[in-house]
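Note that the structure is a prediction, hence the values are computed from the model and not measured.
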Amino acid sequence: MPYSLVSAATLGFDLVRLPAGRAVADVLLTGLTAGPAELTALAEGARSRGADREQRTVLAVRARRARELAAAVPQLRSVSPGTGEDRTAVLVAQLERGTIGNAASLERLLREDVLGPEHRPAADADDDVREQAAEVLADAAVGEWAADVLPPLVHRELVAPFAAVVPDAATRGAGTDLGPGTPELASLLATFAGLDARGRDRWRAAVDEGRTAQRPWATAMHEASWAAHVSGRTRTLATAQLLAVRAFAGGGFDAADGAAGSWNALAGVVQAFTMGDLLDGSALGVLLAPWHRVTGR
């Protein structure tokens with residue numbers, strides 16, 4: 001399945017279940033929020049910068065091989081429980097291990113969407129700067145995506161240029177203007193990032209309580225994504241969802257939580273706070289339900 005900024009919550013679902021998913025979010029946030037100076041700095045860190053033809057050929061072969069190795073990250077497959085097995089338990093176990101997208105779709109997202117025509121500094125940059133910045137970002141994103149399956153040397157080779165240029169990657173995107181819902185989003189994300197064991201249990205309980213409601217969560221999520229698209233706020237919503245990936249990890253949630261619904265519930269609240277000025281009361285009620293259960297508001 002190809003990723004897109006419109007469906008950033010789906011990408012987030014994969015990232016919160018990957019061992020280094022938070023680091024992938026940091027790379028994408030760096031790309032989304034990069035200005036001319038940041039793009040130039042990234043380009044200057046590219047391994048291909050200043051390389052001769054033979055060196056570029058070697059680098060291209062190594063990059064291709066790394067991506068072949070990254071394809072070993074497991075993807076979701078049909079679930080076929082054995083006799084006597086609980087289907088829900090099998091599904092959750094599968095969801096903890098398999099991704100919806102893959103490394104190739106992640107790289108396409110970064111090159112074509114994150115650094116696409118709507119990224120004004122990238123569009124205005126020289127071709128060499130844009131391509132070399134994309135090289136550094138794409139290598140780092142793929143390297144972190146597949147951190148669990150890549151040989152350590154290959155992983156280090158992919159992520160080292162980015163790490164050297166962006167030592168503060170874990171804070172990139174923080175403080176970004178996310179539109180009318182910025183104050184509510186800032187409070188939500190700070191709350192999640194600071195949760196303790198009791199707070200995590202309360203969120204899990206709120207998610208479990210909503211399972212029997214049978215409300216149209218997917219429809220409400222689609223309405224929020226569509227509202228972002230038609231209002232020109234797709235990149236804003238994607239930034240909010242990637243910041244939520246960071247907060248989810250910071251709050252101590254793990255792959256099992258992501259698979260069991262805790263991420264989807266948070267992603268829904270993020271959609272509601274980011275696009276709340278364009279959603280009707282019904283959609284807002286569905287998306288904000290777990291937050292209301294926890295806060296009593």
Query - D113 (side chain) donor-acceptor with G116 (main chain) under 3.5 angstrom - result: no
Query raised in the report: Do any N or O atoms from the side chain of Y3 and from the backbone of G101 form a donor-acceptor pair under 3.5 angstrom?
Result: yes
Requested in this report: Taking the side chain as every heavy atom from C-beta outward, state whether L185 and T274 have any atom pair closer than 4.5 Å.
Outcome: yes
Query raised in the report: Take atom CZ in R49; do more than 12 heavy atoms of anything else shown fall under 6.0 Å from it?
Result: yes
Query raised in the report: Stepwise, does the salt bridge (charged side-chain N to carboxylate O under 4.0 Å, His left out) test hold for R200 with D254?
Result: CA-CA 11 Å; R200 290 190 294 274; D254 58 19; over 6 Å; no
Query raised in the report: For the side chain of E38 and the backbone of G35, is there at least one donor-acceptor N/O pair under 3.5 Å apart?
Result: yes
Query raised in the report: Is the backbone of L178 close enough, under 3.5 Å, to the side chain of T182 for a donor and an acceptor to pair up by distance?
Result: yes
Report task. Indicate, with yes or no, if V159 and L29 share a hydrophobic cluster defined by side-chain heavy-atom contacts under 4.5 Å among Ile, Leu, Val, Met, Phe, Trp and Tyr. Result -> no
Query raised in the report: Under 3.5 Å, side chain of W263 to main-chain N/O of A9, donor-acceptor pair present?
Result: yes
Query raised in the report: Any Lys/Arg nitrogen of R198 or D201 sitting under 4.0 Å from an Asp/Glu carboxylate oxygen of the other?
Result: no
Query raised in the report: In terms of side-chain heavy atoms, does E223 have a donor or acceptor partner in Q271 at a distance below 3.5 Å?
Result: no
Requested in this report: Report yes or no: does T30 contribute a side-chain atom to a donor-acceptor pair with the main-chain N or O of A169 at less than 3.5 Å?
Outcome: no
Report task. Consider only side-chain N and O atoms of S48 and E135, and report whether a donor and an acceptor are under 3.5 Å apart. Result -> yes
Query raised in the report: Would you say the side-chain atoms of T239 and T236 include a donor-acceptor pair closer than 3.5 Å?
Result: no
Requested in this report: Using the salt bridge (Lys or Arg N to Asp or Glu O under 4.0 Å) rule, pick out the option among R64, R156, R67, R111 that qualifies with D139.
Outcome: R67
Query raised in the report: Between V270, L5, L15, V24, which is the residue that forms a side-chain contact (heavy atoms from CB on, under 4.5 Å) with L242?
Result: L15
Query raised in the report: Between the side chain of R17 and the main-chain N/O of F13, is any donor-acceptor distance below 3.5 Å?
Result: yes
Query raised in the report: CD of E68: more than 12 outside heavy atoms within 6.0 angstrom?
Result: yes
